[in-house]
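Here is the naming used below: chain letters follow the sequence lines, and residue numbers restart at 1 for every chain. Worth saying up front: this structure is predicted, and the values here are computed from it rather than measured.
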Amino acid sequence: DTGVSQNPRHKITKRGQNVTFRCDPISEHNRLYWYRQTLGQGPEFLTYFQNEAQLEKSRLLSDRFSAERPKGSFSTLEIQRTEQGDSAMYLCASSPSGQETQYFGPGTRLLVL
Amino acid sequence: AQSVTQLGSHVSVSEGALVLLRCNYSSSVPPYLFWYVQYPNQGLQLLLKYTSAATLVKGINGFEAEFKKSETSFHLTKPSAHMSDAAEYFCAVSGVGDYKLSFGAGTTVTVRA
């Protein structure tokens, strides 16, 4: 049973560019979550999916951010027109439906220059 | 809404000494409570969780935590610190039926030889 995987692990981009991250959850986990973690802080919730449906979005998820989970399997998080304030670790987690424990991936560290 | 407060952003202990990390929660409903550990440049690993069963919860790597409703606390302890315990520790809370996690700011543990 492989864990949650995320790609890329690191991304350096210039301000104004678009970036896309991918998360592959644990097989058969219905729920998938995205969090953002800035230096010295705990992760903050961004959004989550139940299968392919995006059920909740945080106010942190501005209109430059979009997340998808086609077919209820992997998920992508896209940031358009990146800003330096977007620099952070983006964490993905998954859980079976109805269970409270979330299993986290290794994260994608984004640096916007 | 649920939230947690971790008291102390840094804790330094000697190898073999007691590790005590403090977490207080705020929740309008009976919460689920978690402790996660994060090693540098890695994702979060679940140490233990409280889900309204036994108030004393044992986790991996010799850690345990006690849920005290009267004190709204969920402190993490380990009787004897090991060098490998050096990491950042996060307390988190979620509500029943609302599985998104709210994290504390984290406590960095250093272990002195």
Inset, instruction - Select, from B:A92, B:C91, B:S94, B:A105, the one with the greatest count of heavy-atom pairs under 4.5 Å involving chain A. - result: B:A105
Legend entry - chain B neighbours within residues 65-75 of chain A, where any heavy atom lies under 4.5 Å away: none
Inset, instruction - Output the option from B:Q45, B:E88, B:Q38, B:Q6 having the highest count of non-hydrogen pairs under 4.5 Å with chain A. - result: B:Q38
Legend entry - Test item: B:W35 and B:F63 side chains (from C-beta on) under 4.5 Å apart, heavy atoms: no
Inset, instruction - Measure up the B:Y36 and B:F103 rings against each other and bin them: parallel (under 30°), tilted (30 to 60°), perpendicular (over 60°). - result: tilted
Legend entry - Transitive ILVMFWY side-chain link A:L110 to A:L113, under 4.5 Å: no
Legend entry - Which portion of B:K100 sits near chain A, non-hydrogen atoms under 4.5 angstrom: both
Inset, instruction - Look at the side-chain heavy atoms of Ile, Leu, Val, Met, Phe, Trp and Tyr, link any pair under 4.5 Å apart, and say whether B:Y50 and B:F90 land in one connected group. - result: no
Inset, instruction - Please list, in residue-number order, every residue in residues 37-62 of chain A that has a heavy atom less than 4.5 Å from any heavy atom of chain B; write 'none' if there are none. - result: A:Q37, A:G40, A:Q41, A:G42, A:P43, A:F45, A:E56
Legend entry - B:V111 with B:L21, same ILVMFWY side-chain cluster at under 4.5 Å: yes
Inset, instruction - Might you work through the side-chain hydrogen bond (donor to acceptor under 3.5 Å, both in side chains) test for A:R31 and A:S95, ending with a clear yes or no? - result: CA-CA 5 Å; A:R31 292 186 174 223; A:S95 69; 5.2 Å; no
Legend entry - Residues A:E83, A:R64: salt bridge by 4.0 Å N-O rule: yes
Inset, instruction - Would you please say whether a donor-acceptor pair under 3.5 Å links the side chains of B:S14 and B:R112? - result: yes
Legend entry - Any side-chain donor near an acceptor of the partner, A:T101 and B:K49, under 3.5 Å: yes
Legend entry - Smallest separation among heavy atoms of B:P31 and B:Y25, with atom names: CG-CE1, 3.8 Å
Legend entry - Pairwise distance NZ(B:K78) to CG(B:L47) - rounded to 0.5 angstrom: 9.5 Å
Legend entry - Segment of B:L101 engaging chain A (4.5 angstrom heavy-atom cut-off): both
